[in-house]
Amino acid sequence: VNAVDTTAAGDTYVGALVTKLAEGGSGDIIVRLYECFNTMSKCILKTTLPVKAATVTNMLETPISEPIETSGEIPLSFRGFEVVTVRISK
């Protein structure tokens, strides 16, 4: 995905699983990422898309965190094999 880059300090253990439009027609973008080596990981989700805020959601796209105001860099933490869903609001 050209608009999304995940980078961990040193090694990369996080991969993008899905990028899609959010349900409900808002125009928001959903990005699902996963940790693939059963380790604790941190990454910064970077995007060139115009972003107002990012919210971590569950798989049904219901928010489970407060929105983070950002200009395109979203810090994330992962447990082993965890899937994290992020809603990017434009």
Exercise. For residues Thr55 and Ser65, report the shortest heavy-atom separation together with the two atoms involved.
Key: CG2-O, 3.3 Å
Quiz prompt | Over all atoms of both residues, closest heavy-atom pair of Ala22 and Arg87 | solution = CB-NH2, 3.4 Å
Quiz item: What are the two closest heavy atoms between Cys43 and Val14, and how far apart are they?
Solution: SG-CG1, 4.1 Å
Exercise. Look at the side chain of Arg32 and the backbone N and O of Met59, then say whether any donor-acceptor pair between them is shorter than 3.5 Å.
Key: yes
Self-check item: Residue pair Ser77 / Lys42: nearest heavy atoms and the distance that separates them
Solution: OG-CG, 3.8 Å
Quiz item: Shortest non-hydrogen contact from Leu21 to Ile29?
Solution: CD2-CG1, 4.4 Å
Practice problem: Measure across Val51 and Ile88 and return the closest heavy-atom pair with its distance rounded to 0.1 Å. | Solution: CG2-CG2, 3.5 Å
Quiz item: How far does NZ of Lys52 sit from CG of Asp28, to the nearest 0.5 angstrom?
Solution: 9.5 Å
Quiz item: Would you say the side-chain atoms of Glu35 pair up with the backbone N or O of Phe37, donor to acceptor, closer than 3.5 Å?
Solution: yes
Practice problem: Answer with yes or no whether the hydrophobic clustering places Leu49 together with Val18; edges join I, L, V, M, F, W, Y residues whose side-chain heavy atoms lie under 4.5 Å apart. | Solution: no
Practice problem: Please determine which of Val86, Val83, Leu17 meets the side chain to side chain contact (heavy atoms under 4.5 Å, CB included) test together with Leu33. | Solution: Val86
Practice problem: Show your reasoning for whether side chain to side chain contact (heavy atoms under 4.5 Å, CB included) applies to Thr85 and Ile30. | Solution: CA-CA 7 Å; Thr85 303; Ile30 298 294; 3.6 Å; yes
